[in-house]
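Each ligand, and each atom within it, is numbered from 1 in the order the structure gives. Fair warning: this is a prediction, and the values are worked out from it, not measured in the lab.
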Amino acid sequence: MVEGANVQVTITATTGRPDDAAASQVRGLAARAHEVDGVAPLSEQPLLRLADAAAPVVHLTARTPAGELVGYAQVDTETASAELVVDPAHRRRGTGRALLDAARTHTATATGTGLKVWAHGDLPAARAFAAMTGLVVVRELRKLRLDLASRTDATRRPLPAGTTLRAFVPGQDEEAWRRVNARAFAHHPEQGRLTVADVQAREREPWFDPEGFLLAERDGVLVGSVWTKVHPAGTEADEPVGEIYVVGVDPDAQGTGLGGALTSAGLDHLASRGLATVVLYVDADNTAAVRTYDAQGFVRAATDVMLASDTEGSPTGATMGS
Ligand SMILES: CC(C)(COP(=O)(O)OP(=O)(O)OC[C@H]1O[C@@H](n2cnc3c(N)ncnc32)[C@H](O)[C@@H]1OP(=O)(O)O)[C@@H](O)C(=O)NCCC(=O)NCCS
C-alpha cells in the first residue's frame with residue numbers, strides 16, 4: 001500500500017496476459033491521458049502486449065481502495081525499459097513515484113540493471129517528474145513529418161541496379177524479413193528483437209496491408225524493406241496519416257542508395273492512397289537515417305525521450321514507429 005497526499009493506492013505486479021477487463025481499463029486510462037496531454041503515453045508495443053500471454057513483461061497497476069485503476073506501468077524485462085502513466089485526475093499524489101519504484105525493483109530483480117523509462121512528447125510533467133526521481137535523458141527519438149504536397153521529383157530516389165520490389169506475402173516472408181531486420185537493427189534495443197510472432201501480431205491489426213509492405217530483392221534474396229502504415233482519421237489527426245513504419249537495409253547492401261530508394265517507394269505508395277501527411281520515428285543519433293529522411297523533405301514534429309538513472313550506452317538505429 002502506498003500512501004499519497006490525498007489517496008491510498010495499491011500497486012500490484014502481474015505477468016502473463018491481463019484479463020480482458022483489466023486490459024480495457026489500461027486502454028481507457030491511456031486514452032484519458034492522451035486526451036489531456038495531447039500525446040499517447042503508451043506506444044504500440046505495450047498496447048499490443050496487453051493481449052500477449054507470452055510477452056516478457058511485468059504489468060504494474062495502481063488501484064484505489066475502491067478498485068479504480070489510476071496508474072499503470074509496463075516493464076519490459078528483456079530491455080529493462082518501461083512506459084508509465086498516471087490518470088490525469090489522480091496526479092501529484094505520489095502514484096507515479098510508487099509505480100516507478102516498483103518498476104525499478106522488478107527490473108533490478110529480472111535483469112540486474114537500471115531501469116529506462118520512455119516519456120512520449122517530452123512533456124513538462126515528465127521532465128519535472130524525472131528530475132525529482134533522479135532520471136536523466138539517455139536517448140532521443142524524433143518524430144518527423146512530411147507534407148506530401150511539398151514533395152518534389154528531385155527527392156525521388158531510384159532503386160539500385162539489379163534490385164526489384166514486391167509486396168510482402170503473409171505466411172511466406174515472415175522469417176526472411178525477421179532475419180534481415182535483426183541484421184539491419186543489430187544494435188537497436190527494440191527493433192532488432194522483433195520475432196515472427198511480433199510480425200504476425202501486426203498482420204492481425206486492422207491497419208495491416210501487404211501492398212504497403214515492400215520487399216527489395218537482389219537475385220531473389222531479400223536485401224531490405226519498407227513497411228508503411230495508415231493511421232485512420234481521428235487517431236494521429238482529423239485526417240488519415242501515413243507512416244514510414246520501418247525501413248531496414250541488410251548491412252551487406254547498405255551504402256548503395258537502397259534506404260533512400262525504399263523510403264521513396266514507401267512515400268509513393270502512401271501518396272497513391274491519397275494521404276496528405278506522412279510521419280516516421282528515428283533515433284536522433286542515427287545520422288544515416290536522419291540524413292536520408294532530411295533528403296526526402298521530412299521536418300521535426302515532436303520528440304520522445306528515454307530517461308534512465310544511469311547512462312548506459314545510448315543505442316543507434318532507425319526505429320519502428322507508433
Ligand atoms: C509523469 C507522470 C507519470 C507523473 O505521475 P504522478 O503520479 O503525477 O507523479 P508523482 O505524484 O509521483 O510526482 C512525483 C514528483 O514529480 C514531480 N512532478 C510530477 N508532475 C509534475 C508536474 N506536472 N509539474 C511539476 N512537478 C511534477 C513533483 O516533484 C512530484 O512530487 P510532488 O508532487 O511532491 O511535488 C504523469 O504526469 C503522467 O502519467 N504523464 C503522462 C505519461 C508520461 O509522460 N510518462 C512518462 C513518465 S517518465
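Counting only heavy atoms of the protein, atom 44 (O) of ligand 1 lies nearest to Ala126 CB, 3.5 Å. Protein heavy atom in closest approach to atom 23 (N) of ligand 1: Ala125 CB, 3.3 Å. Here the heavy atom of the protein found nearest to atom 43 (C) of ligand 1 is Leu84 O, 3.7 Å. Scanning the protein for heavy atoms near atom 14 (C) of ligand 1, the closest one is Phe129 CD1, 3.7 Å. Residue, atom and distance of the protein heavy atom nearest to atom 7 (O) of ligand 1 are Gly96 N, 2.7 Å.
Checking His120, Met306, Arg91, His34 against atom 36 (C) of ligand 1, the nearest heavy atom belongs to Arg91. Residue nearest to atom 35 (O) of ligand 1, selected from Arg127, Arg92, His90: Arg92 (by heavy-atom distance). The closest non-hydrogen atom to atom 39 (O) of ligand 1, taken over Val86, Asp87, Leu123, comes from Val86.
Taking a cut-off of under 4.0 Å to the non-hydrogen atoms of Arg93, the atoms of ligand 1 that pass are 11 (O). Close contacts of ligand 1 with Leu307, meaning ligand atoms under 4.0 Å from a residue heavy atom, involve 48 (S). Interface atoms of ligand 1 facing Asp37, defined by a heavy-atom separation under 4.0 Å, are 41 (C). Residue Trp118 has at least one heavy-atom neighbour below 4.0 Å for each of these atoms of ligand 1: 46 (C). Near Val85, meaning under 4.0 Å from any of its heavy atoms, are these atoms of ligand 1: 39 (O).
Distance check for atom 2 (C) of ligand 1: every protein heavy atom is found at 4.0 Å or beyond. Of the protein's heavy atoms, at least one falls inside 4.0 Å of atom 26 (N) of ligand 1.
Taking a cutoff of 4.0 Å between a charged side-chain nitrogen and a carboxylate oxygen, Arg193 and Asp198 do not qualify as a salt bridge.
Residue-level proximity to ligand 1 for Met132 is carried by the side chain, the only part with a heavy atom below 4.0 angstrom. Contacts between Val117 and ligand 1, counted as non-hydrogen atom pairs separated by less than 4.0 Å, involve the side chain only.
For the ligand labelled ligand 1, residue Gly94 lies inside the 4.0 Å heavy-atom shell.
Residue Val86 is not grouped with residue Leu50 when hydrophobic side chains (ILVMFWY) are merged at heavy-atom distances under 4.5 angstrom, including chains of intermediate members.
Side-chain N/O atoms of Asp283 and His188 include a donor and acceptor closer than 3.5 Å. In this model, a donor atom of one side chain and an acceptor atom of the other lie less than 3.5 Å apart for Arg218 and Thr163. A side-chain donor-acceptor contact under 3.5 Å links Trp177 and Ser225. Side chains of His269 and Glu211: a donor-acceptor N/O pair is absent below 3.5 angstrom, by distance only.
With rounding to the nearest 0.5 Å, the separation of CG in Asp209 from NZ in Lys229 is 13.0 Å.
For CZ of Arg145, the number of neighbouring non-hydrogen atoms (other residues, nucleotides, ligands) closer than 6.0 Å is 12 at most.
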| Given the rule in the side-chain hydrogen bond (donor to acceptor under 3.5 Å, both in side chains) test, do Arg291 and Gln296 qualify, once you have shown the distances and angles that lead to the verdict? | CA-CA 9 Å; Arg291 283 205 188 129; Gln296 299 281 336; over 6 Å; no
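For the side chain to side chain contact (heavy atoms under 4.5 Å, CB included) with Tyr72, the lone residue among Leu99, Leu42, Leu60 that qualifies is Leu42.
Residue Ala119 has no N or O atom closer than 3.5 Å to an N or O atom of ligand 1. The distance criterion of under 3.5 Å between nitrogen or oxygen atoms is met by Arg97 with respect to ligand 1.
Side-chain atoms of Thr155 do not come within 3.5 Å of backbone N or O of Arg151 as any donor-acceptor pair. Under a 3.5 Å cut-off, the side chain of Glu236 and the backbone N or O of Ala233 do not form any donor-acceptor pair.
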